[in-house]
Amino acid sequence: MTITYDPVDPAYTDEPDVRRELARTHEVCHGCRRCVGLCGVFPTLFDMLDSMAEPAADLLTPAQQDQVVDACVHCTLCAVGCPNEHGATGASDGGVDVPRLMLRARAMQFEHGHLGATGRMAARVLARPDKVGRVATKVPALANRVVSVSNGSRVRGVLERFTGASSVRRLGTFATERFSDWFADRPTIRLQRRQAAVTLFPTCIVEYQATSIGKDLVKVYERNGIECSVSAARCCGAPLLHSGDIEAFAEVAEENMARLAAEIRAGTDIVVPQPACAHVLTVDSIEYVTSEQARRDAELVAERTFDAAGYLMTLHRGDHYVLDTDFEGAVPQRITYQASSLIRARGDGFPGRDLMRPPGARIDVVHEPTGIGGIWSMRAGGDVGDAITQRLAEQLDAAPGEVVVSDSHLASLAIGEHAGVVPQHPLQVIARAYGIPEET
C-alpha cells in the first residue's frame, strides 16, 4: 500500500493500492465517528460496517467503497479538527486525510471507468461549465426554459441523459448578458480615493448565471476605493478535479496559475466571489501543477487570493484602509447566515458575518452544511447531500432572521429548493445597505 497524494506518482490511481488505503482510512474513521453528521460519506460508511456481524472495512466490496466515495461533495469539513489527520507530508504515522483521499479515489474511478454512464457523461459536459455557459448565454431564453422545467419531468430526464445533470435537483438559470460583457460595457468609474486594486475572478457561476453578485461586488468595492478589473483566467477547474479528470484539471490549473500570477505581479490581489472556486485556486491547484514555474505561480496565487467578503475585512482590519460605514439604505434587523463549509475549512472564520455587522444587523450563524460542495454535486446521482440540506432547511425555518445569506450560489440553490427562501450573498446585503439599487 502506498500512501500518496502526489498525482504524478504512478500509484496515485493504482486501483488495488487506492482500495487498500480506503479500507485503512475507513477503519480509522469507523473507530472515531466524529464526522458522522457532516456529510453523506460517514453515515453511508458506518451503516455498511454496522450491518456486518464483525465490522471490518477491508471486507467492503469495491462497489461499496465507490458508494462511499460518491457521497463526498468535497466540502473538506472532515479535515477541520480531525483527531487522526496527518498533515501534508504523508500518513506514515497512521493518520488519515479524507479530503485528499476522496480526490485520489475519484481519480482512480475516472481512470478505470468506474463512474458509470451518467458519471461519464457528467465528466464530459457538466464538468466543463465554461463551455456550457458560453452556449447557454447565447440562447438564454431556450436554456432557461429547459433548466426551469419541473424536477423529475420527462424533459429533465432527457437533459440528464445527455448532460449528466441531475433531473431531480434545482439548476441555476442563465443570464441574458455575461458578467464580463457587462463589466466591459459599463462607463469608466473614477475613484475619489483609491485604496486598493483587485482583479475579480468571476467564476463560471457569476460569469454566466448569478451575474448580480458580481455587479454588486464591483459597486461595493468601488464605493470603498478599490479599483476593479476582470481576470483573463478561465474556469477554476473544480468540476474536472471532482470528477477525477486530473489530467484535464492540471492543464487548466497550469494556465490559470500563470494568468493569475501575472495579474498579481501587475499590482492587484485576486478576489473570488464563490468559496469552492477560491478553495481550488488557493489549496488544490498547487498540488496538481507539475512545472516548477507553475508551482511558484500557484504559491503566489494562494498567498494573494481572497474570498469576496474576506478581502474587505482583511483591508478593514489593516492600518491604512477605511471601510465606508455610511449605510443609508435598507438594513435587515436580523440575518440568518449559513456559514460556508469551504471558508471554515480554510480557517478563515466567518468573514461574511463580520462584513454584515457594521450596518447594524443582528446575525445568527447556522453551521449546518448544505451538502453542496461544487458543480459536480449537481450531477445525476449526486443528491446524496439532500438529507443534510433538509436538516439545514429545518434550522433555517426555525431561525428568526428576516433574510438568509450564503456565500455560495450553489448552496443558495439547494437552500431555495429545500427551504423555499432565496438567500443573498453578503456583498448583496452590503450593497442594499449602501443604497445601491439591485441590478439584474
Side-chain angles (χ1 to χ4, degrees), residues 175 177-208 210-236 256-275 277-278 281-282 297 300-329 343 348 351-352 354-356 358-359 407 425-439:
E177 180 185 38
R178 292 168 55 175
F179 169 76
S180 58
D181 291 338
W182 170 85
F183 187 89
D185 293 341
R186 64 194 297 263
T188 301
I189 303 297
R190 187 181 300 276
L191 302 181
Q192 293 184 348
R193 182 186 177 191
R194 184 181 183 274
Q195 301 193 89
V198 302
T199 297
L200 176 61
F201 182 86
T203 75
C204 295
I205 292 294
V206 170
E207 172 70 359
Y208 302 111
T211 57
S212 60
I213 294 175
K215 295 172 184 178
D216 281 331
L217 187 157
V218 169
K219 293 173 183 178
V220 168
Y221 272 43
E222 289 178 340
R223 177 167 175 140
N224 281 277
I226 303 173
E227 184 179 9
C228 298
S229 58
V230 176
S231 177
R234 56 174 172 152
C235 172
C236 71
N256 279 344
M257 293 303 103
R259 290 172 178 169
L260 292 168
E263 290 161 352
I264 292 170
R265 293 185 180 108
T268 70
D269 293 313
I270 306 299
V271 168
V272 188
Q274 294 295 293
C277 303
L281 295 181
T282 60
D297 288 343
L300 177 61
V301 171
E303 179 184 352
R304 299 282 297 278
T305 298
F306 303 84
D307 287 288
Y311 185 75
L312 283 177
M313 294 312 301
T314 298
L315 292 181
H316 183 50
R317 296 186 183 109
D319 296 330
H320 306 290
Y321 176 84
V322 178
L323 180 70
D324 184 348
T325 56
D326 184 12
F327 299 106
E328 67 267 21
I343 294 177
D348 293 338
D354 297 341
L355 180 63
M356 293 185 293
D407 296 276
H425 190 279
L427 269 296
Q428 295 179 300
V429 173
I430 296 300
R432 304 294 86 77
Y434 280 144
I436 298 172
E438 184 175 2
E439 183 175 347

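Bear in mind the structure is a predicted one, so any value in this text is a computation, not a measurement.
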So CG of Leu200 and CD1 of Ile226: to nearest 0.5 Å the spacing works out to 11.5 Å

Do the side chains of Gln274 and Ile213 get nearer than 4.5 Å, heavy atoms only? yes

Glu439 vs Arg186, test: salt bridge (Lys or Arg N to Asp or Glu O under 4.0 Å). Steps then yes/no. CA-CA 13 Å; Glu439 183 175 347; Arg186 64 194 297 263; over 6 Å; no

Atom of Pro273, atom of Val206 and distance for their closest heavy-atom approach: CG-CG2, 3.7 Å

Sequence-distant partners of Asp326, side chain to side chain contact (heavy atoms under 4.5 Å, CB included), two or more places apart: Arg223, Asp324, Glu328

Answer yes or no: is there a side-chain heavy-atom contact under 4.5 Å between Trp182 and Val230? no

Just so I know, are the side chains of Cys236 and Thr203 near enough to count as touching, which here means a heavy-atom distance under 4.5 Å? no

Asp297 with Arg259: basic N within carboxylate O range, under 4.0 Å: no

A side-chain contact here means heavy atoms from C-beta on lying under 4.5 Å apart; do Arg432 and Asp216 qualify? yes

Can you confirm whether Glu227 sits close enough to Leu191 that some side-chain heavy atom of one is under 4.5 Å from a side-chain heavy atom of the other? yes

When rounded to the nearest 0.5 Å, the distance separating OH of Tyr221 from CG of Leu427 is 6.0 Å

For Phe183, what residues pass the ring pair (Phe, Tyr, Trp, His ring centres under 6.0 Å) criterion, not counting sequence neighbours? none

Go through the side-chain N and O atoms of Glu438 and Ser212 and say whether any donor and acceptor fall under 3.5 Å apart. no

CA sep, side-chain torsions, deciding dist, call: Arg265, Leu300, side-chain contact (heavy atoms from CB on, under 4.5 Å): CA-CA 9 Å; Arg265 293 185 180 108; Leu300 177 61; 3.8 Å; yes

Find out whether Phe179 and Val218 are in side-chain contact, i.e. whether some heavy atom of one side chain is under 4.5 Å from a heavy atom of the other. yes

His425 side chain to Ala308 main-chain N or O, any donor-acceptor pair under 3.5 Å? no

For the backbone of Asn224 and the side chain of Gln195, can you confirm whether one donor and one acceptor N or O come within less than 3.5 Å of each other? yes

Is the backbone of Ser180 close enough, under 3.5 Å, to the side chain of Glu207 for a donor and an acceptor to pair up by distance? yes

State, yes or no, whether a side-chain contact exists between Ile343 and Pro351 at a heavy-atom distance under 4.5 Å. yes

Please walk me through it: do Thr211 and Glu177 pass side-chain hydrogen bond (donor to acceptor under 3.5 Å, both in side chains)? CA-CA 8 Å; Thr211 57; Glu177 180 185 38; over 6 Å; no

Go through the steps to decide whether Asp407 and Asp307 satisfy the test side-chain contact (heavy atoms from CB on, under 4.5 Å), and finish with yes or no. CA-CA 9 Å; Asp407 296 276; Asp307 287 288; over 6 Å; no

Is there a donor-acceptor pair closer than 3.5 Å between any side-chain N or O of Thr305 and the backbone N or O of Ile270? no

Quiz: residues 310-318 side-chain donor-acceptor pairs under 3.5 angstrom, not counting sequence neighbours:
unit_1	atom_1	unit_2	atom_2	d
Tyr311	OH	Asp269	OD2	2.9
Thr314	OG1	Gly310	O	2.8
Arg317	NH2	Asp354	OD2	3.0

What closest approach, in Å, do Cys277 and Phe201 show between heavy atoms, and which atom pair accounts for it? CB-CE2, 4.4 Å

Determine the minimum heavy-atom distance between Ala233 and Glu263, stating which atoms define it. N-OE2, 4.3 Å

Give me the atom names and distance for the closest heavy-atom approach of Leu323 to Pro358. CD2-CG, 4.4 Å

Just so I know, are the side chains of Val271 and Leu217 near enough to count as touching, which here means a heavy-atom distance under 4.5 Å? yes

Short N-O contact, Asp185 and Arg178, less than 4.0 angstrom: no

Heavy atoms of Ser229 and Thr199 approach each other most closely as OG-OG1, 3.2 Å

